[in-house]
Amino acid sequence: MTASVAQVVIDIVAGVVASDRAGMNALFEQVQSVPGLLPGVYVIGPALFYLCLITLAVLNWRELGWWSPVLLAVGTGLTLFSLNLIPVAAVCFLFAIGPYGVRRTDRRLTGAAQ
């Protein structure tokens, strides 16, 4: 997750500091030339995050449902296929991990008699 936050910060800073697209590209090249940053922040870090997220869903499939790890894998695959599919992947992630936020046994949320 730290790698994803680092990506966002790098993107925002480059967008604010640069005056045009060529300036942004120059800043990205300068930042990505730091040894170890490119594989750590842009390749290995995000891959480990999504791998661990899918693993947690597989380990908790009985509480989440069998579709949770499937939707996480599909959403991750969509982002690997094209960054234009990030909104669709976000919907997949929402339906995959949404049950963690609202548990079926919480009587306050389900309206069941206490």
Side-chain angles (χ1 to χ4, degrees):
M1 180 146 166
T2 304
S4 297
V5 171
Q7 285 180 17
V8 169
V9 169
I10 291 169
D11 291 349
I12 290 173
V13 169
V16 169
V17 172
S19 59
D20 59 357
R21 184 67 180 170
M24 279 179 49
N25 289 339
L27 283 172
F28 281 127
E29 288 178 22
Q30 183 180 8
V31 168
Q32 292 175 356
S33 67
V34 173
L37 186 86
L38 185 63
V41 171
Y42 289 94
V43 179
I44 298 169
L48 284 176
F49 173 73
Y50 290 111
L51 179 67
C52 290
L53 190 62
I54 293 168
T55 301
L56 283 171
V58 167
L59 293 174
N60 293 302
W61 71 272
R62 289 186 181 167
E63 182 168 340
L64 290 173
W66 61 267
W67 61 88
S68 182
V70 172
L71 284 173
L72 287 171
V74 167
T76 302
L78 288 173
T79 59
L80 292 173
F81 182 69
S82 172
L83 293 180
N84 293 330
L85 296 174
I86 287 176
V88 179
V91 171
C92 288
F93 294 156
L94 175 67
F95 285 112
I97 60 177
Y100 268 137
V102 179
R103 299 192 188 275
R104 293 183 195 112
T105 58
D106 191 344
R107 294 173 189 213
R108 292 173 295 148
L109 298 174
T110 60
Q114 293 186 3

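Hydrogens, waters and symmetry mates are skipped; everything else that's a heavy atom, side chains included, is used.
Take A57 and apply the side-chain contact (heavy atoms from CB on, under 4.5 Å) test, not counting sequence neighbours, and it matches L64, S68, P69, L72. For V70, the side-chain contact (heavy atoms from CB on, under 4.5 Å) partners at least two apart in sequence or on another chain are W66, V74. Remark: I44 engages P39, L48 in a side-chain contact (heavy atoms from CB on, under 4.5 Å) (not counting sequence neighbours). Not counting sequence neighbours, S4 has no partner by the side-chain contact (heavy atoms from CB on, under 4.5 Å) test.
No continuous path of ILVMFWY side-chain contacts below 4.5 Å connects F49 to V41, so the two sit in separate hydrophobic clusters. Hydrophobic clustering places L71 together with V91 (ILVMFWY residues linked when any side-chain heavy atoms are closer than 4.5 Å, directly or through intermediates). Under the 4.5 Å side-chain heavy-atom criterion for Ile, Leu, Val, Met, Phe, Trp and Tyr, L37 and F28 are members of the same hydrophobic cluster.
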Which pairs of donor and acceptor atoms, one on a side chain in residues 9-17, lie under 3.5 Å apart (sequence neighbours left out)?
none

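As a member of the Ile/Leu/Val/Met/Phe/Trp/Tyr network built from side-chain separations under 4.5 Å, I86 groups with L83.
Taking each heavy atom of W67 and F95 in turn, the nearest pair found is NE1-O, 3.7 Å. When all heavy atoms are compared, the tightest approach of G45 to A3 is CA-CB, 3.8 Å. Smallest separation of non-hydrogen atoms from G23 and A18: C-CB, 3.6 Å. For the pair T76 and T79, the tightest heavy-atom approach, listed with the atom from each and the gap, is O-OG1, 2.7 Å.
Summarising the geometry, atom CG belonging to L38 is positioned 11.5 Å from atom CD belonging to E29; distances are rounded to the nearest 0.5 Å. A distance of 11.0 Å separates CG in L27 from CD in Q32, rounded to the nearest 0.5 Å.
Within a 6.0 Å radius of OH in Y42, more than 12 heavy atoms belonging to other residues, nucleotides or ligands are found.
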